[in-house]
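What follows is one structure encoded as structure tokens, with my remarks underneath.
Every chain is numbered from 1, with letters handed out A, B, ... down the list of sequences.
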Protein chains: 2
Amino acid sequence: MSRPIGIRDVANKAAVAASSVSRVISGHPNVSPEMKERVLAAVEALGYEPNILAQGLRRGSTQTIGLVVPDISNPLFSELVFHAENTLNAAGYALLIANSQGVPDSDITHLKLLRQRVDGFLLSLSDETDKGTVSALKQLDKPFVLLDRDISKAKYFSVLWDHGAGIKTAAAYLADLGHRRIAMIDGNPRVHPTRARSQALQSAFEDRPEVHIAKYDASFSPDHGERTTDFLLGSESRPTAIIAGSVQILIGVLRSLRRHKLRVPEDISLVTIDHAPMLEFIEPPIATIDRDCGDFGRTAAQLLLDRLEGRPMRKHLLPVNFDPKSSCAPPADEVRPT
Amino acid sequence: MSRPIGIRDVANKAAVAASSVSRVISGHPNVSPEMKERVLAAVEALGYEPNILAQGLRRGSTQTIGLVVPDISNPLFSELVFHAENTLNAAGYALLIANSQGVPDSDITHLKLLRQRVDGFLLSLSDETDKGTVSALKQLDKPFVLLDRDISKAKYFSVLWDHGAGIKTAAAYLADLGHRRIAMIDGNPRVHPTRARSQALQSAFEDRPEVHIAKYDASFSPDHGERTTDFLLGSESRPTAIIAGSVQILIGVLRSLRRHKLRVPEDISLVTIDHAPMLEFIEPPIATIDRDCGDFGRTAAQLLLDRLEGRPMRKHLLPVNFDPKSSCAPPADEVRPT
DNA sequence: CTGAAAGCGCTTACAG
DNA sequence: CTGAAAGCGCTTACAG
């Protein structure tokens with residue numbers, strides 16, 4: 001109810017100077033055992049907790065890390081956050097999360113907002129090519145680690161998944177089954193995952209010109225998935241296999257396939273990226289490119305801790321996994337729409 | 001690169017005292033137009049931004065709100081957060097999120113951690129009956145609003161959904177179809193939603209003793225859903241309708257039904273709580289009790305703002321919606337296991 | 001209307 | 001090893 005306990009209250013109770021209390025608490029070496037004991041007893045008795053704002057003001061550090069993500073409801077983030085937080089907590093840092101809804105301006109706003117409250121950032125930018133974001137990052141006076149984002153012009157710390165390798169494996173699997181027209185419906189081309197996949201597919205079949213790849217990058221939305229699938233199914237050179245770039249896109253693809261009454265894999269093969277809870281009830285089981293978020297969270301947090309301690313710049317590339325399922329089969333004999 | 005711009009730099013540039021700069025920035029009435037203009041020009045020219053820590057230390061307020069939730073990956077929260085944040089931002093507050101993973105001790109830790117960094121809290125407790133949590137709340141020296149949590153002994157601000165009304169509507173719908181044995185598989189009984197539903201079901205059929213209700217509260221997990229369904233399907237008085245208390249529980253229920261090769265609604269009717277993205281691909285469409293999270297987020301934020309401005313205690317009760325679908329049908333003729 | 005001074009609660013050189 | 005003093009960057013009575 002009354003004014004919270006301050007360092008002076010502790011000092012009075014222990015009959016020492018405030019500076020001594022500070023030394024004891026911060027683990028300064030020069031403290032006599034007797035004084036340390038008296039101070040600790042007083043801290044305990046009064047339930048003293050140092051004022052973080054005052055500490056931050058004086059020290060210039062807050063022992064807090066800011067995490068900015070485009071979509072906290074993505075289950076991938078949940079696990080990432082959990083492990084990142086554990087790693088940071090173990091090192092004495094708290095984790096604060098901000099949600100930017102995929103809006104670059106919101107990234108920037110949160111950066112400004114959190115800048116003075118944190119010692120560093122974990123950043124999953126909404127758009128790694130956005131001019132405002134890039135310049136905000138350049139001016140940012142706090143260390144940060146990019147999460148599955150890559151700004152190649154700049155030498156930033158980042159943790160990346162190897163999306164390129166994953167998509168190559170999946171596409172090669174389809175090609176080996178006999179598919180010659182494969183379509184990739186992917187999301188926002190302004191973030192690393194989409195770009196990495198796009199580039200990898202581009203170069204994947206340079207030595208197999210008989211395999212045709214069509215790519216449709218736009219947004220991680222059911223709408224994009226549905227419209228693009230509609231378009232593909234109506235086209236002259238209808239693909240025999242579709243790769244959906246995210247769960248949201250997959251939802252759209254499935255809507256279109258259902259409406260066209262097409263069967264998987266008899267009429268068309270299907271691969272999707274990332275697992276989702278309800279996926280198991282969809283028939284047939286869908287081949288999935290998946291990734292380990294716990295590992296990612298730990299790695300990212302550790303990288304930021306390294307950065308805070310001044311260790312040299314590093315990038316981490318984490319593997320993704322392709323899990324073939326019965327949604328992929330050899331293509332049916334050619335059936336052209338009349 | 002160098003030391004950030006401080007209020008003294010602005011004061012020097014504008015040739016006024018720091019106190020005058022402070023008055024201009026905080027909108028103090030006693031400032032001459034000429035000085036105001038000079039100061040504003042200097043602020044602009046130097047790109048000055050007040051140090052939040054210093055302001056917080058001096059004023060005792062941080063213009064920040066803390067949100068603690070058990071599971072940020074729950075899509076319901078995503079929308080809630082978005083609207084709560086908009087409302088708070090409009091009032092000049094920032095929103096910081098912490099994830100407690102459904103662990104009461106983590107609630108308490110985050111409360112302690114954030115206490116000095118925020119002016120108030122939005123709290124979705126992991127366990128509203130936990131002794132540690134309740135006492136931490138009692139000692140908390142910051143205002144807060146409970147999100148779909150109810151600690152009836154205490155007079156706290158809270159926003160609640162009317163889960164009781166929703167479940168009554170759904171159960172009555174099933175009873176009117178002819179169901180006489182209805183099972184509710186629900187989650188954590190230590191939070192308001194489960195408790196409200198449980199109580200409502202208890203009293204719902206007092207005037208219709210022919211309708212039997214069985215309730216199984218435990219945890220919002222697929223495992224609980226699956227095991228309980230297994231048990232129910234093997235029991236003497238197998239229910240003719242099941243209500244799943246969450247998407248996670250539904251997943252378990254569906255796993256069990258699939259394994260038992262039971263058809264919905266021919267063999268058993270099904271109702272679930274909350275919508276999920278992939279739900280639309282499950283056959284048949286499942287009757288759902290749903291709720292508006294945007295409205296909830298706005299209401300909760302507004303309530304906290306009210307509280308911060310000292311307005312009297314209020315609780316808000318928001319409606320939920322029952323959407324019947326073809327997963328509900330009259331029960332088949334009794335088939336007892338031999 | 002404006003400025004000089006004190007102080008929010010800490011930490012950290014600086015003496016001793 | 002310990003204490004007194006200065007100061008982190010602000011705001012707010014207090015004079016004038």
Side-chain angles (χ1 to χ4, degrees), chain A residues 2-43 46-64 92 112 115-119 141-142, chain B residues 2-43 46-64 92 112 115-119 141-142:
Chain A
S2 57
R3 191 175 49 74
I5 310 293
I7 197 168
R8 285 168 56 183
D9 302 308
V10 179
N12 288 341
K13 177 123 189 165
V16 297
S19 43
S20 294
V21 175
S22 176
R23 284 191 203 97
V24 168
I25 287 176
S26 61
H28 192 96
N30 286 353
V31 280
S32 67
E34 312 106 79
M35 190 193 66
K36 184 169 179 177
E37 197 175 336
R38 281 225 307 288
V39 169
L40 257 22
V43 166
L46 298 172
Y48 169 68
E49 287 175 59
N51 180 307
I52 295 173
L53 296 179
Q55 278 189 159
L57 182 58
R58 202 36 247 259
R59 287 188 181 158
S61 87
T62 60
Q63 296 299 109
T64 307
K112 280 189 187 157
R115 191 166 45 93
Q116 302 181 333
R117 303 171 211 241
V118 304
D119 294 345
D141 52 354
K142 303 279 174 166
Chain B
S2 58
R3 191 174 49 75
I5 310 292
I7 198 169
R8 286 168 55 180
D9 302 309
V10 178
N12 288 341
K13 176 121 188 166
V16 297
S19 43
S20 294
V21 175
S22 177
R23 284 191 203 97
V24 169
I25 287 176
S26 61
H28 193 96
N30 286 355
V31 280
S32 68
E34 313 106 80
M35 189 192 67
K36 183 169 180 177
E37 197 175 338
R38 283 225 307 288
V39 168
L40 257 22
V43 165
L46 297 172
Y48 169 67
E49 287 174 60
N51 180 307
I52 294 174
L53 295 180
Q55 277 189 160
L57 182 57
R58 202 36 247 259
R59 286 187 182 158
S61 87
T62 61
Q63 296 300 108
T64 307
K112 280 190 187 155
R115 190 165 45 94
Q116 301 182 334
R117 304 171 210 240
V118 304
D119 294 345
D141 52 353
K142 303 279 174 168

field: Given DNA chain C, 5'-ward residue of the pair B/Val31 and B/Arg58, judged by closest heavy atom
entry: B/Val31
- request: Answer yes or no: does atom NZ of B/Lys13 have more than 12 heavy-atom neighbours from other residues, nucleotides or ligands under 6.0 Å?
  value: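 12 or below, so no.
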- prompt: Should we count NZ of A/Lys36 as having more than 12 external heavy atoms under 6.0 Å?
  reply: no
- prompt: When all nucleic acid strands are considered with a 4.0 Å heavy-atom cut-off, which category describes B/Asn51: base, sugar-phosphate, or nothing?
  reply: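 Contact class for B/Asn51: sugar-phosphate only.
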message: Within the structure provided, determine whether A/Arg59 and A/Ser26 are in side-chain contact (heavy-atom separation under 4.5 Å).
response: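 Yes, at least one pair of side-chain atoms sits under 4.5 Å.
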task: Could you tell me whether the side chain of A/Val16 reaches within less than 4.5 Å of the side chain of A/Arg38, counting heavy atoms only?
output: yes
task: Supply the atom-to-atom distance A/Leu53 CG to A/Thr62 OG1, rounded to the nearest 0.5 angstrom.
output: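 It is 10.0 Å, given to the nearest 0.5 Å.
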query: Could you give the distance from NZ (B/Lys142) to CD (B/Gln116), rounded to the nearest 0.5 Å?
result: 8.0 Å
field: salt_bridge(B/Glu49, A/Lys112) N-O dist < 4.0 Å
entry: no
message: Is there a side chain to side chain contact (heavy atoms under 4.5 Å, CB included) between A/Arg115 and A/Asp141? Walk through the geometry before answering.
response: CA-CA 8 Å; A/Arg115 191 166 45 93; A/Asp141 52 354; 3.5 Å; yes
task: Give the first and the last nucleotide of DNA chain D, reading 5' to 3', that has any atom under 4.0 Å from a heavy atom of chain A.
output: D/dC1 to D/dG9
Short side-chain to backbone donor-acceptor contact, A/Asn12 and A/Asp9, under 3.5 Å: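 Checking the backbone N and O of A/Asp9 against the side chain of A/Asn12, no donor-acceptor pair under 3.5 Å is found.
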field: Sidechain-backbone polar pair: B/Asp119 side chain, B/Gln63 backbone, donor-acceptor under 3.5 Å
entry: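 The answer is yes, because a donor-acceptor pair under 3.5 Å joins these two groups.
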field: DNA chain D: 5'-proximal contact among B/Arg23 and A/Ser32 (nearest heavy atom)
entry: A/Ser32
field: Positions of residues 10-20 of chain B (non-hydrogen atom under 4.0 Å from DNA chain D), listed by number
entry: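 The stretch gives B/Ser19 as the residues lying under 4.0 Å from the strand, ordered by number.
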message: Pairs counted only when both distances fall under 3.5 Å, Watson-Crick or G-U: show me the 5' to 3' dot-bracket for DNA chain C, [ ] for pseudoknotted crossings and | for other-strand partners.
response: |||.||||||||.|||
